[in-house]
Chemist: 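Mind looking over this structure? Questions follow.
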Amino acid sequence: MAKAQETILEIDLGALEHNFNHLKSKLQENTKFLAVVKAFAYGSDADKIALHLQNLNVDYFAVAFTSEGVALRDAGITKPILVLHPQPITFKTVIERCLEPNIYNSKVLNEFLDLAKELNQENYPVHIKFNTGLNRLGFWENDVDYIVSKLVSNNTLYAKSIFSHLAASEDLNEDAFTRSQISSFKSIAKNFTKQIGYKPLMHICNTSGVLNYPEAHFDMVRCGIGLYGFGNSEKENKNLIPIASLKSIISQIHKIEKGETVGYNRAYKSAGFKKIATIPIGHADGLGRQYGNGKGFVYVNDTKAFIVGNVCMDMIMIDITNIECKEGDEVVIFDKNHTAEDLASASETISYELITSISRRIKRKFSN
Ligand SMILES: *Cc1c(COP(=O)(O)O)cnc(C)c1O
């Protein structure tokens with residue numbers, strides 16, 4: 001890839017394909033693969049990522065909100081799309097665009113059922129979510145009778161799947177809890193299937209679930225972060241390739257003397273002679289203020305350079321005192337070797353937050 005000449009997010013579709021194949025290699029042949037492409041495919045580009053995965057014959061997509069599903073339909077996605085967190089105000093759109101809602105409580109069930117009836121739908125695919133301990137979205141185990149009674153009294157809706165979500169699949173200290181979630185999901189699924197009289201798909205695993213709990217892959221798995229190159233462990237990271245590289249350039253270099261300050265509120269005060277470079281990326285681009293004042297860092301000519309002072313809206317300043325470089329040189333914020341996970345953990349967050357925050361104003365550039 002040519003050197004960056006402005007701030008740019010490079011996205012490697014070849015790496016995406018590698019990650020997809022690696023994750024698939026962990027599955028049984030008939031286990032379906034759902035690609036989670038919410039939040040612009042974790043900050044990259046949902047349309048391009050989903051189209052590429054559709055060509056690779058992924059089985060399913062998921063997004064968080066209805067508007068994200070609509071955007072995928074507009075981009076030419078024809079595979080089924082599960083909307084994980086739809087609101088009733090969007091249900092008409094859900095049906096018009098053939099999106100498949102997560103039905104997570106009785107309010108949503110009743111409102112979706114009423115609308116689907118009104119629009120003369122038959123066997124409209126829905127996904128019933130159960131809460132097994134995350135306590136975020138989902139019915140409880142003792143809601144099964146009620147849900148089934150609602151579904152079987154007419155043929156308006158069809159339970160295409162029943163699913164749940166793990167609270168700590170990446171954390172082996174929580175292994176016992178994860179196993180209890182899996183076992184209660186199994187018992188809910190058994191009861192549900194018996195009562196409804198047909199077999200919905202069962203799924204509970206996210207990326208770390210796929211990697212750590214092969215016995216819980218069931219009929220489908222839902223992978224997000226792994227597709228984008230992070231396995232939530234040192235061991236698994238080795239098998240995956242981060243697809244996104246965030247690069248920029250040095251706009252200007254200042255030489256400052258002892259006692260001079262850098263940036264807003266004079267937050268950095270120099271203890272001696274320093275070379276400071278200004279980079280055109282700031283908190284409005286997703287590099288939050290928590291990366292300022294020596295916590296965050298970038299790479300100039302493969303050498304780590306710390307962010308000095310406060311992160312500005314459109315700029316950061318970095319200490320390049322000991323780095324051979326000049327104005328116009330490339331700066332790497334993260335890439336395959338200097339990972340978003342390393343940078344994120346330097347300011348007590350996780351790769352998910354850093355990569356999904358990269359703002360829309362940064363140009364995306366794709367390679368194979
Ligand atoms: C975001 C999400 C996923 C994907 O999780 P990863 O850890 O990124 O693989 C799966 N299922 C649900 C319900 C989600 O919200």
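For the numbers below, each heavy atom of this structure counts, side chains included, while hydrogens, waters and symmetry mates do not. Everything quoted here is computed from the prediction, not taken from an experiment. Whatever order the structure lists ligands and atoms in, that order sets their numbers, starting from 1.
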Chemist: Taking non-hydrogen atoms within less than 4.0 Å of ligand 1, which protein residues qualify?
Modeler: V36, K38, Y42, L84, K129, R136, H165, N206, T207, R222, C223, G224, I225, Y352

Chemist: Do D285 side-chain atoms and L287 backbone N/O form a donor-acceptor pair below 3.5 Å?
Modeler: no

Chemist: State, with a plain yes or no, whether a side-chain heavy atom of F91 is found less than 4.5 Å away from one of V108.
Modeler: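 Touching, per the 4.5 Å side-chain cut-off.
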
Chemist: Carefully, step by step, assess Y104 and H85 under the rule ring pair (Phe, Tyr, Trp, His ring centres under 6.0 Å).
Modeler: CA-CA 8 Å; Y104 51 86; H85 198 170; 5.7 Å; yes

Chemist: Strictly by ring pair (Phe, Tyr, Trp, His ring centres under 6.0 Å), give each pair with a member in residues 223-279 just once, sequence neighbours left out.
Modeler: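 Residue pairs passing ring pair (Phe, Tyr, Trp, His ring centres under 6.0 Å), neighbours aside: Y42-Y228.
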
Chemist: For residues 158-166, please give each side-chain donor-acceptor pair under 3.5 Å, one per line with the distance, not counting sequence neighbours.
Modeler:
unit_1: K160; atom_1: NZ; unit_2: Y60; atom_2: OH; d: 2.6
unit_1: S161; atom_1: OG; unit_2: H127; atom_2: ND1; d: 2.6
unit_1: S161; atom_1: OG; unit_2: H203; atom_2: NE2; d: 2.7
unit_1: S164; atom_1: OG; unit_2: F130; atom_2: O; d: 2.8
unit_1: S164; atom_1: OG; unit_2: T132; atom_2: OG1; d: 2.7
unit_1: H165; atom_1: ND1; unit_2: R222; atom_2: NH2; d: 3.0

Chemist: Hydrophobic side-chain clustering at under 4.5 Å (ILVMFWY, transitive links): who's grouped with F65? Put none if nobody.
Modeler: none

